[in-house]
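Remember, predicted model here, so these are calculated numbers, not experimental data. Atoms considered below: every heavy atom in the structure, side chains included; atoms not considered: hydrogens, waters and symmetry mates. Residue numbers begin at 1 in each chain, while the letters A, B, ... track the order of the sequences.
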Protein chains: 2
Amino acid sequence: MVRPTIADIAIRAGVSKGAVSFALNGRPGVSDATRERILKIAEQMSWRPHSAARALGASRVDSVGMVIARPARTLGVEPFFAHLLSGVQSGLSAESISLQLLIVEDTATEIEVYRRWASEHRVDGVILVDLTVKDPRIDELKALELPAVVIGGRGGKGALASVWADDRDAMLSIVEYLAALGHRRIAHVAGTPLFQHTVRRIRAVRDAAPRLGLVDAPSLTTDFSDAEGAATTRKLLSQANRPTAIVYDSDVMAVAGLGVAMEMGVSVPGDLSIVAFDDSILTQLMHPALTALSRDTFEFGRQAAEVLLEVIADPAQTINRRTADPVLTVRESTAPPPRQVG
Amino acid sequence: MVRPTIADIAIRAGVSKGAVSFALNGRPGVSDATRERILKIAEQMSWRPHSAARALGASRVDSVGMVIARPARTLGVEPFFAHLLSGVQSGLSAESISLQLLIVEDTATEIEVYRRWASEHRVDGVILVDLTVKDPRIDELKALELPAVVIGGRGGKGALASVWADDRDAMLSIVEYLAALGHRRIAHVAGTPLFQHTVRRIRAVRDAAPRLGLVDAPSLTTDFSDAEGAATTRKLLSQANRPTAIVYDSDVMAVAGLGVAMEMGVSVPGDLSIVAFDDSILTQLMHPALTALSRDTFEFGRQAAEVLLEVIADPAQTINRRTADPVLTVRESTAPPPRQVG
DNA sequence: TGGGTTTGATAAACCGGTATAGCTCCTGCA
DNA sequence: TGCAGGAGCTATACCGGTTTATCAAACCCA
């Protein structure tokens, strides 16, 4: 016997297919004795449900999707996604739901994928990352009636479910820490302003500046690449009144910035303090090791999976779950500013 | 009309379900005129096949799986997987086959996943990575009769299909380059000897040593972590006759090694040359930028997908495809050894 | 002109589950 | 004693495709 079906089990147990289905799904309709017997036989025959058959009958596929729209080149350096993925899977595995992952080049393709997934019934729901300002995916997913949860963007009313951490508070904690050390010229090398979280971080710096007495607190946007991170750093350090501290929106850019500082003979942390808004092994491999904001990305993913399953179970509700706040891990790249402040 | 089924199309076209199925799958049984008409109607109604229904009828799910058994912590720093994934997807997308990705902690769990996938008919085949010596997954997959392709391990007879690059030649090219620069003490900080590719690389170094007149060419194994990479480097550099060049089996370890060298006051490349057996943005971010072996990982993945699809189409055949050889990208971390050789 | 083959199509079975209507007993209660 | 009601189970339709057996009409060639 190759792979047993419930019909095989039914024959062995001397009952009907229906009874077997009831027993295996823990629903009423069979006596405890019969259920016990059927379960034992199913176990013996090492029966497992045929996913397609179940999907067809029950109109759910026990599978969720996740599309990452970034050029592959910039991916993978950041442990962010690997951790997020593991977290998502850990959240899904409890219900033994599988994950479809797709890496695409742009948002247009991403939306295409959602359409295809919806029309082919390939997933029960999706997880969104990298929420942008006026994100076109939101409306699309609503139109497709595909359950979804957004990672990292707290939605307003009528929005999709979401799981988010407080970027604003996190950025404030960094700037406040630097200000407490005595820094007054703090620069912010940001990511792309298309992303909502970038906007929130920039706003946080801007709002905190007067209160903390910062002389200058520019936020310069980049495309998140090491190249632009380096170029922006070079520009900042070439200024007459150069900053005494720089906050980078990613670990990769921070590392690139550190390289530029060394190349220009600017000592870290003596002349310049560096903070990365995102932690990883990268920041720890450096000399000096970088002070960085650590987020529990795994937990982030786990919660996203949980929320998605809830939304799939009851699409009517909108859940907005806030996760643990990130914490600043202070290492060797931050110190009080040099005395001879320009 | 929510989602049209072939029955809807059949009605609109005034034909039977079977005819529609034939037409949509490009198989004989309908006239060209009818086929044309059916296709147009399907297009108009924007019909897409219901994946579960198709899977149930045709007993193939148009989905392949890939399990990565590594602790999430060590994943993601290496762009290797991100590139590999993109490549695999690009190879699959042509046939619009989807990919199930799973990150697990160990091989035992990985095998569990294969069993589940096989019994639930969730995938048509799988892609294996990180082949080990006497890999238990091979026999398991054969027993499950699950089509598979191994990435990076060329199998012997009776083995699974595979896609591989020549690790031996690659390692030789590195060692020969260093020898040509004048190095005679070359150390090799290897990965874990459990992996087949590690073994092949170690063997390559050992075999080349006499021919190239190397005085000493130890291969020291590690667990691929930055910690062990650093520790091993520290040990090597503390020796009386320390090596003038070190080859690292991964970019992360090479970066960690560079850190140790700097910390110990050993100048790179003045006193020590460093080569990474694997390229990434990491190696380019360093100062000095690291000489590294570049592999076309994307292409690697693409070919793996291609081969897997062929194996799925005809499970009888065993394909062993060799991909393009890696090339050495020389950067700033390699130079002739110092004069005062111990 | 007639028998055999090919072409174009249909109806129905089938894949392996789930959902539901309905049947048979058994129990409880008036 | 009779009947309502529920527990336990069966039979069957159904999900949306694919596949096969069957068949009528057209076509072919002697």
Side-chain angles (χ1 to χ4, degrees), chain A residues 1-39 41-42 45-63 96 116-124, chain B residues 1-39 41-42 45-63 96 116-124:
Chain A
M1 176 142 318
V2 209
R3 309 210 182 294
T5 71
I6 56 167
D8 299 324
I9 297 179
I11 293 171
R12 270 275 277 278
V15 295
S16 71
K17 272 173 61 181
V20 175
S21 179
F22 290 145
L24 292 170
N25 290 292
R27 47 171 67 217
V30 286
S31 67
D32 288 350
T34 310
R35 178 188 308 277
E36 195 85 0
R37 189 158 49 90
I38 292 176
L39 285 177
I41 292 176
M45 302 176 83
S46 66
W47 173 89
R48 313 283 340 247
H50 188 302
S51 61
R54 177 167 277 178
L56 195 54
S59 58
R60 76 193 144 87
V61 284
D62 286 342
S63 171
S96 74
R116 193 159 58 78
W117 276 353
S119 56
E120 295 181 0
H121 297 259
R122 273 194 181 271
V123 296
D124 294 321
Chain B
M1 175 142 320
V2 208
R3 308 210 180 296
T5 70
I6 56 168
D8 298 325
I9 297 178
I11 293 171
R12 269 273 278 277
V15 295
S16 69
K17 273 173 61 181
V20 175
S21 178
F22 291 144
L24 292 170
N25 291 292
R27 47 171 67 215
V30 286
S31 66
D32 287 349
T34 312
R35 179 187 309 276
E36 195 86 1
R37 190 159 46 91
I38 292 176
L39 285 177
I41 293 177
M45 303 176 82
S46 67
W47 172 88
R48 313 279 344 242
H50 188 302
S51 62
R54 177 166 277 180
L56 194 54
S59 58
R60 74 193 147 88
V61 285
D62 286 341
S63 172
S96 75
R116 194 160 58 77
W117 277 352
S119 56
E120 295 180 0
H121 296 261
R122 274 195 180 270
V123 297
D124 294 322

Using a cut-off of strictly less than 4.0 Å, decide whether A:Trp47 has a side-chain nitrogen or oxygen near OP1 or OP2 of C:dG16.
-> no

Expressed in angstrom and rounded to an integer, what is the separation of A:Arg60 atom CZ from C:dG16 atom P?
-> 18 Å

Return the value, rounded to whole Å, for the distance between atom CG of A:Leu24 and atom C1' of C:dG17.
-> 10 Å

Find which nucleotide of DNA chain C each of A:Lys17 and B:Ala19 is nearest to by heavy atoms, and output the residue with the more 5' nucleotide.
-> B:Ala19

Please give, in whole Å, the distance from D:dT18 P to B:Ile6 CD1?
-> 6 Å

Using whole Å, report how far CZ of A:Arg122 lies from C1' of D:dG16.
-> 14 Å

For DNA chain C, what residues of residues 29-36 of chain B have any heavy atom nearer than 4.0 Å?
-> B:Gly29, B:Val30, B:Ser31, B:Thr34

Atom pair distance, as rounded to whole Å: CG in A:Leu56 and P in D:dC14 = 14 Å

What is the distance, rounded to the nearest whole Å, between atom CZ of A:Phe22 and atom P of C:dT20?
-> 9 Å

OP1, OP2 of C:dC15 versus side-chain N and O of B:Ser59: anything below 4.0 Å?
-> no

CD1 of B:Ile38 versus P of C:dT10: gap in Å, rounded?
-> 8 Å

Across the strands shown, which category fits A:Arg27 at heavy-atom distances under 4.0 angstrom: base, sugar-phosphate, nothing?
-> sugar-phosphate

Between D:dG16, C:dG16, C:dT10, which one does the side chain of B:His50 approach most closely?
-> D:dG16

N/O (side chain, A:Arg54) to phosphate O (OP1/OP2, C:dG16) under 4.0 Å | no

Any side-chain N or O of B:Ser16 less than 4.0 Å from the OP1 or OP2 oxygen of C:dT10?
-> yes

For the pair made of NE2 in A:His121 and C1' in D:dG16, what is the distance, rounded to whole Å?
-> 9 Å

Earlier contact from the 5' end, DNA chain D, for B:Ala53 and B:Gly18 | B:Ala53

